[in-house]
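Atoms within a ligand are numbered from 1 in the order they appear, just like the ligands themselves.
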Amino acid sequence: MKKMLETGVIVVNRSLSGDINEMVLRLPDISAEAGQFVMLKNESGSTYLRRPFGVADVNKEKGQLTVIYRLAGKGTRELSELKEGAEISVEGPLGNGFDLGIDGKTLLIGGGVGIAPIIYTAHALAEKGSEPIVLLGVKNSSELFWKEYFQKYAADLFITTDDGSAGIKGFAIDAMPAILEKHDIKHIKICGPTIMMEGLAKYAMEKGIECQVSMEKRMACGIGVCLGCTFEGKVSKKRQKVCADGPVFAAEEVFG
Ligand SMILES: Cc1cc2nc3c(=O)[nH]c(=O)nc-3n(C[C@H](O)[C@H](O)[C@H](O)COP(=O)(O)OP(=O)(O)OC[C@H]3O[C@@H](n4cnc5c(N)ncnc54)[C@H](O)[C@@H]3O)c2cc1C
Ligand code: FES
């Protein structure tokens, strides 16, 4: 996608399970890095600001971009009401994605709707011939639909559920000893709730494994102008803009 602003046409807009929906947009020139995001505006909706969503997948042959979104409030509810053929204004792709250096095995970890950008990251790694190990942390077995997205891309897949209704009972971090026992992991990339990323990032740092995290902050402009999404970098000691300097950062910069 050369231009920063495009009009996408909805090809699919469907519920996956509960409050999670998938939207596929036709965008003929689409090209994005894994970990980048787009700002969507539903011109027929009532919300003024664009809403940010991670790139969940790209199909360059078909010219399609997928986002997977949770019904959080008014903007996402209005998005979910749009029908096939409706138009959406797409700004992006924005931000800096994951570093996909392929010297050694990569573990991708997604939690909740943070699993969405992990799909495209798995896709990108598989395209480079470096199929990742994937760990998904979800609430219960009703969220197993996420697994389907990784069938083509993952070398091995682990799942944890809070209630033990599928996979390993517990949080994503509870699966780490078994994964590190089985695989020689050199890189970890995480997207999920902050509390989950913090525990996993600190675990990776203790083990000396290179780790990147994808941050989420409320965003207004998405392009580094409003300063609404900043945090104090732990290593750089500078104000980091999640939208323009991230959303992907080294774990030490966020949680060090
Ligand atoms: C870089 C980035 C990537 C994202 N990727 C995805 C994605 O792939 N899929 C997805 O479902 N969501 C994603 N989000 C979150 C998504 O942007 C918000 O859920 C959405 O903007 C909510 O809009 P709304 O109008 O429905 O809700 P609002 O009415 O604006 O808010 C509803 C509730 O959601 C909370 N909320 C809104 N925005 C955020 C946010 N950015 N972070 C935390 N809480 C928020 C509000 O505090 C409020 O409690 C991403 C956010 C960022 C910053
Ligand atoms: S959202 Fe405006 S600077 Fe990041």
Just jot down the ligand 1 atoms closer than 4.0 angstrom to any heavy atom of [X], in number order.
X	answer
K217	41 (N), 53 (C)
Y69	9 (N), 10 (C), 11 (O)
T76	24 (P), 25 (O), 26 (O)
K74	25 (O), 26 (O), 29 (O)
R70	10 (C), 11 (O)

Within a distance under 4.0 Å of any heavy atom of C243, pick out the atoms of ligand 2 and give their elements.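 Taking each heavy atom of C243 in turn, ligand 2 has 1 (S), 3 (S), 4 (Fe) under 4.0 Å.
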Which heavy atom of the protein is the closest neighbour of [atom], given with residue, atom name and distance?
atom	value
atom 22 (C) of ligand 1	A72 CB, 3.9 Å
atom 1 (S) of ligand 2	G222 N, 3.3 Å
atom 16 (C) of ligand 1	P52 O, 3.4 Å
atom 20 (C) of ligand 1	R51 CD, 4.1 Å
atom 3 (S) of ligand 2	L227 N, 3.2 Å
atom 3 (C) of ligand 1	G54 N, 3.7 Å

Look up [atom] and tell me if a protein heavy atom lies less than 4.0 Å from it?
atom	result
atom 40 (C) of ligand 1	yes
atom 35 (C) of ligand 1	no
atom 49 (O) of ligand 1	no

Within-cut-off N or O pair, [X] and ligand 1, under 3.5 Å:
X	result
E216	yes
P117	no
P247	no
R218	yes

Can you sort out the partners of D163 under side-chain hydrogen bond (donor to acceptor under 3.5 Å, both in side chains), two or more places apart, ordered by chain and number?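 Per chain and number, D163 pairs via side-chain hydrogen bond (donor to acceptor under 3.5 Å, both in side chains) with S165.
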Applying side-chain hydrogen bond (donor to acceptor under 3.5 Å, both in side chains), name anything that partners S142, two or more places apart in sequence or on another chain.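 Counting only residues at least two positions away or on another chain, S142 forms a side-chain hydrogen bond (donor to acceptor under 3.5 Å, both in side chains) with N140.
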So that I can tick it off, tell me whether E252 and K234 are bridged by a salt bridge, with the cut-off set at under 4.0 angstrom between side-chain N and carboxylate O.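 Looking at K234 and E252, the cut-off is not met.
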I'd like to know if E232 and K237 make a salt bridge, using a cut-off of under 4.0 Å between side-chain N and carboxylate O.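 Looking at K237 together with E232, the answer is no, because their closest N to O distance does not fall below 4.0 Å.
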Does only the side chain of I68 get under 4.0 Å from ligand 1, or the backbone, or both, or neither? Count heavy atoms.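 For I68, the contact with ligand 1 is made by the backbone alone.
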With backbone taken as N, CA, C and O and side chain as the heavy atoms from C-beta onward, which portion of [X] lies under 4.0 Å from ligand 2: side chain, backbone, both, or neither?
X	result
V225	backbone
A220	backbone
T230	neither

Evaluation steps, ring-ring contact (aromatic ring centres under 6.0 Å, His included), between F231 and F249: CA-CA 12 Å; F231 72 99; F249 295 93; 5.1 Å; yes
Do you see an N/O/S atom of C221, backbone or side chain, under 2.8 Å from atom 2 (Fe) of ligand 2?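 It does; at least one qualifying atom falls short of 2.8 Å.
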Would C226 count as a contact for atom 2 (Fe) of ligand 2, in the sense that one of its N, O or S atoms lies under 2.8 Å from it?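 Short answer: yes, at least one N, O or S atom is under the cut-off.
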Can you tell me if V113 contacts ligand 1 (heavy atom of the residue under 4.0 Å from the ligand)?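 Within the 4.0 Å threshold, so yes.
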Can you see whether Y203 has K207 sitting over its ring - NZ or CZ less than 6.0 Å from the centre and within 45° of the normal?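 Yes, K207 and Y203 form such a contact.
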Nearest 0.5 Å, what's the CG-OH distance between L136 and Y149?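 One gets 12.5 Å once the value is rounded to the nearest 0.5 Å.
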Donor-acceptor pair, side chain of K202 and main chain of M197, under 3.5 angstrom: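 No: the side chain of K202 does not pair with the backbone of M197.
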Taking the side chain as every heavy atom from C-beta outward, state whether E78 and S46 have any pair of such atoms under 4.5 Å apart.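 Counting from C-beta outward, E78 and S46 do come under 4.5 Å.
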Within-4.5 Å side-chain heavy-atom neighbours: L107 and I188: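 With C-beta onward as the side chain, the pair touches.
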Using side chain to side chain contact (heavy atoms under 4.5 Å, CB included), reason through V55 and V67 one step at a time and then give a plain yes or no. CA-CA 6 Å; V55 173; V67 294; over 6 Å; no
